[in-house]
S.K.: 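After the structure tokens below, expect a handful of questions from me.
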Amino acid sequence: MPGYRGHLTGGVVVGILALAGVVWFGVYRPDLETGMILLAITLMGALFPDVDTDSKGQNFFYAVLAVLDLALMFKEHYRWAAILGFVAMLPALGSHRGWTHTWWAMILVPMPILLLPVIFYHRPVENLLPFYAAATLGYFSHLLLDGKFW
């Protein structure tokens, strides 16, 4: 099974292919900044299933989340910072290769990306779907590389 570099590589490949595909077929055309954010979310999704263990992937994942959380607090986006903090705690609720390595976690774990902004900020769910899809796709790449689908 790949380490964090393998999962990052898998996330990059899947993320770039997905972005290229949706742009090519005219399904979705994000600007450059949004495209980079979507790719970053895909990478975070690709690392998420292994953040329940002491690893370089975990260190990288939580370093990125800490910087992002601090930036949100600095900009006085406390609700977003709270949402991020809540989601960051989820892996501590189980054992490694437990619930984080299941197909249903791949669907449910990114769900706060859809639900919490709708609940707290009344954002339209369709505006959030690309971000949910990016996280789910990254998660999928992790499970695929770990051989969970065969």
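Numbering starts at 1 and runs along the sequence shown.
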S.K.: Please identify each residue that fulfils ring pair (Phe, Tyr, Trp, His ring centres under 6.0 Å) with F48, with sequence neighbours left out.
M.R.: F61, Y139

S.K.: Can you tell if the side chain of Y28 reaches within under 4.5 Å of the side chain of P30, non-hydrogen atoms only?
M.R.: yes

S.K.: Under the side chain to side chain donor-acceptor pair (under 3.5 Å) rule, what pairs show up with a residue in residues 57-79, not counting sequence neighbours?
M.R.: none

S.K.: For residues 4-22, which residue pairs qualify under side chain to side chain donor-acceptor pair (under 3.5 Å), counting only residues two or more places apart or in two chains?
M.R.: H7-H142, H7-D146

S.K.: Which residues, ordered by chain and number, are linked to F74 in its hydrophobic cluster, where ILVMFWY side chains connect at heavy-atom gaps below 4.5 Å, directly or through other members?
M.R.: none

S.K.: So, for G6 and P2, which heavy atoms are closest and what is the spacing to 0.1 Å?
M.R.: CA-CB, 3.9 Å

S.K.: Just jot down the ring pair (Phe, Tyr, Trp, His ring centres under 6.0 Å) partners of Y121, sequence neighbours excluded, or say none.
M.R.: W80

S.K.: Would you find more than 12 non-hydrogen atoms of other residues, nucleotides or ligands less than 6.0 Å from E126 atom CD?
M.R.: yes

S.K.: Under the side chain to side chain contact (heavy atoms under 4.5 Å, CB included) test, which residues partner L137, sequence neighbours left out?
M.R.: V14, A18

S.K.: Using ring pair (Phe, Tyr, Trp, His ring centres under 6.0 Å) as the criterion, list what pairs up with F140, not counting sequence neighbours.
M.R.: F149

S.K.: Excluding sequence neighbours, so at least two apart, what forms side-chain hydrogen bond (donor to acceptor under 3.5 Å, both in side chains) with T102?
M.R.: W104

S.K.: Which residues satisfy the side chain to side chain contact (heavy atoms under 4.5 Å, CB included) test with V67, sequence neighbours excluded?
M.R.: none

S.K.: What residues form a side-chain hydrogen bond (donor to acceptor under 3.5 Å, both in side chains) with W24, not counting sequence neighbours?
M.R.: none

S.K.: If you compare all heavy atoms of T100 against all heavy atoms of P49, which two are closest, and at what distance to 0.1 Å?
M.R.: OG1-O, 3.0 Å

S.K.: Nearest heavy-atom pair of P112 and P117: which atoms, and what distance?
M.R.: O-CD, 3.2 Å

S.K.: Taking all non-hydrogen atoms of both residues, which atom of L114 and which atom of V118 are closest, and how far apart?
M.R.: O-CG2, 3.1 Å

S.K.: Going by ring pair (Phe, Tyr, Trp, His ring centres under 6.0 Å), name the residues that satisfy it together with F131, two or more places apart in sequence or in a different chain.
M.R.: none

S.K.: My understanding is that a hydrophobic cluster links ILVMFWY residues whose side chain heavy atoms are under 4.5 Å apart, including indirect links. Using that, what else belongs to the cluster containing M36?
M.R.: L32

